[in-house]
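Comments concern the structure below.
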Amino acid sequence: MMQTKLTLRLDAHLIEQAKEQARLSGKSLSQLVADYFVQLGEAPLQQPLPPVIRALKGALKGSAGRQDMPDEQDYRRHLEDKHR
């Protein structure tokens with residue numbers, strides 16, 4: 001694989017932080033940046049949904065036009081009753 005030089009312009013403080021991170025991880029700054037670029041191309045890991053969200057997922061699917069689903073008028077009536 002052919003390697004090519006890349007020039008980046010970054011804040012000096014950010015560069016120092018990156019160099020320190022590279023030193024702590026035992027890698028060169030170039031390798032640290034390359035590893036990051038590789039991660040950008042990978043599919044993101046999906047976190048499992050919390051149980052409450054998982055239980056609600058799909059609850060309204062296909063509800064458009066259903067007579068048994070509350071609509072805006074139902075909600076307005078609810079608010080009027082609640083605030084009487």
Side-chain angles (χ1 to χ4, degrees):
M1 173 172 34
M2 185 178 106
Q3 293 190 349
T4 304
K5 184 176 180 177
L6 171 67
T7 302
L8 300 172
R9 295 185 190 277
L10 303 169
D11 179 72
H13 182 71
L14 183 59
I15 293 171
E16 290 306 314
Q17 284 182 327
K19 285 180 178 179
E20 179 65 13
Q21 184 61 41
R23 186 186 67 73
L24 291 173
S25 64
K27 297 180 178 184
S28 68
L29 186 53
S30 291
Q31 186 59 54
L32 201 68
V33 171
D35 290 350
Y36 176 70
F37 286 174
V38 167
Q39 287 179 358
L40 289 177
E42 295 175 354
L45 296 175
Q46 288 192 339
Q47 299 291 326
L49 295 174
V52 171
I53 302 299
R54 196 171 40 247
L56 294 172
K57 187 177 177 183
L60 294 177
K61 193 174 188 177
S63 64
R66 285 180 45 189
Q67 297 299 323
D68 60 336
M69 291 298 293
D71 61 9
E72 188 173 341
Q73 289 177 344
D74 291 324
Y75 181 65
R76 288 183 187 276
R77 276 192 296 273
H78 162 75
L79 290 178
E80 288 171 1
D81 292 343
K82 178 179 174 182
H83 295 288
R84 282 187 190 176

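Owing to the predicted nature of the structure, the values given are computational and were not obtained by experimental measurement.
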**Asked** Is any NZ, NE, NH1 or NH2 atom of the basic residue among Glu20 and Arg23 found under 4.0 Å from an Asp or Glu carboxylate oxygen of the other?
**Response**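 Here Glu20 pairs with Arg23 in a salt bridge, since their nearest N and O are under 4.0 Å apart.
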**Prompt:** Could Glu80 and Arg76 be called an ion pair, given the rule that one side-chain N must be under 4.0 Å from one carboxylate O?
**Reply:**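 Judged by the 4.0 Å cut-off on N to carboxylate O distance, Glu80 and Arg76 do not form a salt bridge.
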**Item:** Over all atoms of both residues, closest heavy-atom pair of Leu32 and Ser25
**Value:**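 The pair with the smallest heavy-atom distance is CD1-OG, 3.8 Å.
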**Asked** Can you name the nearest heavy-atom pair linking Lys57 to Leu49, along with the distance?
**Response**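 Where Lys57 meets Leu49 most closely, the heavy atoms are CD-CD1, 3.9 Å.
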About how many Å separate [atom2] of [Y] and [atom1] of [X], when rounded to the nearest 0.5 Å?
X     : Y     : atom1 : atom2 : answer
Glu72 : Asp74 : CD    : CG    : 10.5 Å
Leu10 : Glu16 : CG    : CD    : 11.5 Å
Leu14 : Arg9  : CG    : CZ    : 15.0 Å

**Item:** Hphob cluster co-occupancy, Val38 + Leu6, side-chain heavy atoms under 4.5 angstrom
**Value:**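 In one cluster: no.
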**Prompt:** So Gln39 and Asp35, side-chain hydrogen bond (donor to acceptor under 3.5 Å, both in side chains) or not? Walk me through it.
**Reply:** CA-CA 6 Å; Gln39 287 179 358; Asp35 290 350; over 6 Å; no
